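Shown next, in structure tokens, is the structure this report addresses.
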Amino acid sequence: MLDLNFYARDSVTVAEELIGCLLVRRQIDPEKPEIIVMLTETEAYRGAIDPASHAYRGKTARNAIMFGEAGRLYVYFSYGMHSCMNIVTSIPGTAEAVLLRGAVPLKGVDSIRSNRQGIADKDLLNGPGKLTKGLPIGLDMNGYNLLAEHSEWIVLAKERTLPIRRTGRIGISRAQELPWRFVADIPEYRAK
DNA sequence: GCGAGGATTAACT
DNA sequence: GTTAATCCTCGCT
């Protein structure tokens, strides 16, 4: 299981190393089946030194979680429709985070399908909004501590080393040129 | 397969 | 009032 030492580094390093790691919902509630997905796409955001970060202009009610401890989820609502999930990294005050943009299901696919009715398997989790809808992770999960004892959601270390493609970030209007997006580069899991 | 455009709301200015 | 770290459908090829 990834620990505080893993997350307490700069978000670019963490974003790259998260590719191939497993995001897991342990079966604590018998109503909710176990879910395991492997992360295939991430992006780093770097607080005050990153014009595209929600934290660039300082702390607000929305982004407050990013200014705290690493290993927490920062979940925000976007385009009036989607929520997106980040993992806070680095040390408190720097407001760095990694946006989780895509994954592939390894276990609990039926549960994910039921959250994504009518969607082809290959498109279940290949986008930040799709990922949060499929798992599901909502705004109510903002601030969730992945490192807490008996946490329902945890992240496990890399199960498999994947070839990684490094690119500029997408879907943003500022600082697109910064090469802080990481995508698992294998045909069977390629996310666009 | 591809590109254009609409959907819909929280947070910020 | 405006913007936004997006997704999906539709129309055309």
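Note on naming: letters A, B, ... go to the chains in the order of the sequence lines (proteins, then strands), and numbering restarts at 1 for each one. Treat the numbers as computed from the prediction; the structure is a model and nothing was measured.
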How close or far is atom [atom2] of [N] from atom [atom1] of [X], stated in whole angstroms?
{"X": "A:Asn115", "N": "C:dC8", "atom1": "CG", "atom2": "P", "result": "13 Å"}
{"X": "A:Leu124", "N": "C:dC8", "atom1": "CG", "atom2": "P", "result": "10 Å"}
{"X": "A:Asp140", "N": "B:dA10", "atom1": "CG", "atom2": "C1'", "result": "15 Å"}
{"X": "A:Glu43", "N": "C:dA4", "atom1": "CD", "atom2": "C1'", "result": "14 Å"}
{"X": "A:Asn126", "N": "C:dC8", "atom1": "CG", "atom2": "C1'", "result": "12 Å"}
{"X": "A:Lys122", "N": "B:dG1", "atom1": "NZ", "atom2": "P", "result": "8 Å"}
{"X": "A:Met66", "N": "B:dA11", "atom1": "CE", "atom2": "C1'", "result": "13 Å"}
{"X": "A:Asn63", "N": "B:dT13", "atom1": "CG", "atom2": "C1'", "result": "15 Å"}

Just compare [options] and give me whichever is closest to any side-chain atom of [X].
{"X": "A:His82", "options": "C:dA4, B:dA7, C:dC7", "result": "C:dC7"}
{"X": "A:Lys130", "options": "C:dC7, C:dA5, B:dT9", "result": "C:dC7"}
{"X": "A:Phe77", "options": "B:dA7, C:dC7, B:dT9", "result": "B:dT9"}
{"X": "A:Arg62", "options": "C:dA4, B:dA11, C:dT6", "result": "B:dA11"}

- If you measure from the ring centre of A:Tyr45 to the centre of the six-membered ring in the base of C:dA5, is it under 5.5 Å, with the planes under 30° apart?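 Here the ring of A:Tyr45 and the base of C:dA5 are stacked, with centres under 5.5 Å and planes under 30°.
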- Message: If we ignore hydrogens and angles and just use 3.5 Å, is the side chain of A:Thr132 paired with the main-chain N or O of A:Ser83 as donor and acceptor?
- Response: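 Yes, the answer is positive, given that a donor and an acceptor are paired below the 3.5 Å cut-off.
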- A:Tyr76 (side chain) and C:dA5 (base): donor-acceptor pair under 3.5 Å: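 Side chain to base: pair present.
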- Query: Any luck finding a side-chain donor-acceptor pair between A:Tyr7 and A:Ser90 under 3.5 Å?
  - Reply: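 Not at all, the side chains of A:Tyr7 and A:Ser90 share no donor-acceptor pair under 3.5 Å.
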- Message: Please determine whether a side-chain nitrogen or oxygen atom of A:Arg116 lies at a distance below 4.0 Å from atom OP1 or OP2 of C:dC8.
- Response: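 For C:dC8, OP1 or OP2 has a side-chain N or O of A:Arg116 closer than 4.0 Å.
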- N or O in side chain of A:His54 less than 4.0 angstrom from C:dA5 OP1/OP2: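 For C:dA5, OP1/OP2 do have a side-chain N/O of A:His54 under 4.0 Å.
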If you measure from the Lys or Arg side-chain nitrogens to the Asp or Glu carboxylate oxygens, is any gap between [X] and [Y] under 4.0 Å?
{"X": "A:Arg101", "Y": "A:Glu43", "answer": "yes"}
{"X": "A:Asp121", "Y": "A:Arg116", "answer": "no"}
{"X": "A:Arg9", "Y": "A:Glu96", "answer": "no"}
{"X": "A:Arg25", "Y": "A:Glu34", "answer": "no"}

- In terms of the nearest nucleotide of DNA chain B, which residue is placed more toward the 5' end: A:Leu139 or A:Met81?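 Here A:Met81 is the residue nearer the 5' end.
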- Message: Could you tell me the Watson-Crick or G-U partner of C:dA5, where both distances fall under 3.5 Å? Say none if there is no partner.
- Response: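 Here C:dA5 is not engaged in any pair, so there is no nucleotide opposite it.
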- Item | Assigned partner base of B:dT8, Watson-Crick or wobble definition, under 3.5 Å |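 Per the H-bond distance test, none.
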- Message: By the 4.0 Å heavy-atom rule, please label A:Arg57 as base, sugar-phosphate, or nothing.
- Response: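 A:Arg57: backbone/sugar contact only, no base atoms under 4.0 Å.
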- Return the 5'-most residue of the pair A:Arg174, A:Ile119 with respect to DNA chain C, ranking by each residue's nearest nucleotide.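 Closest to the 5' end, via its nearest nucleotide, is A:Arg174.
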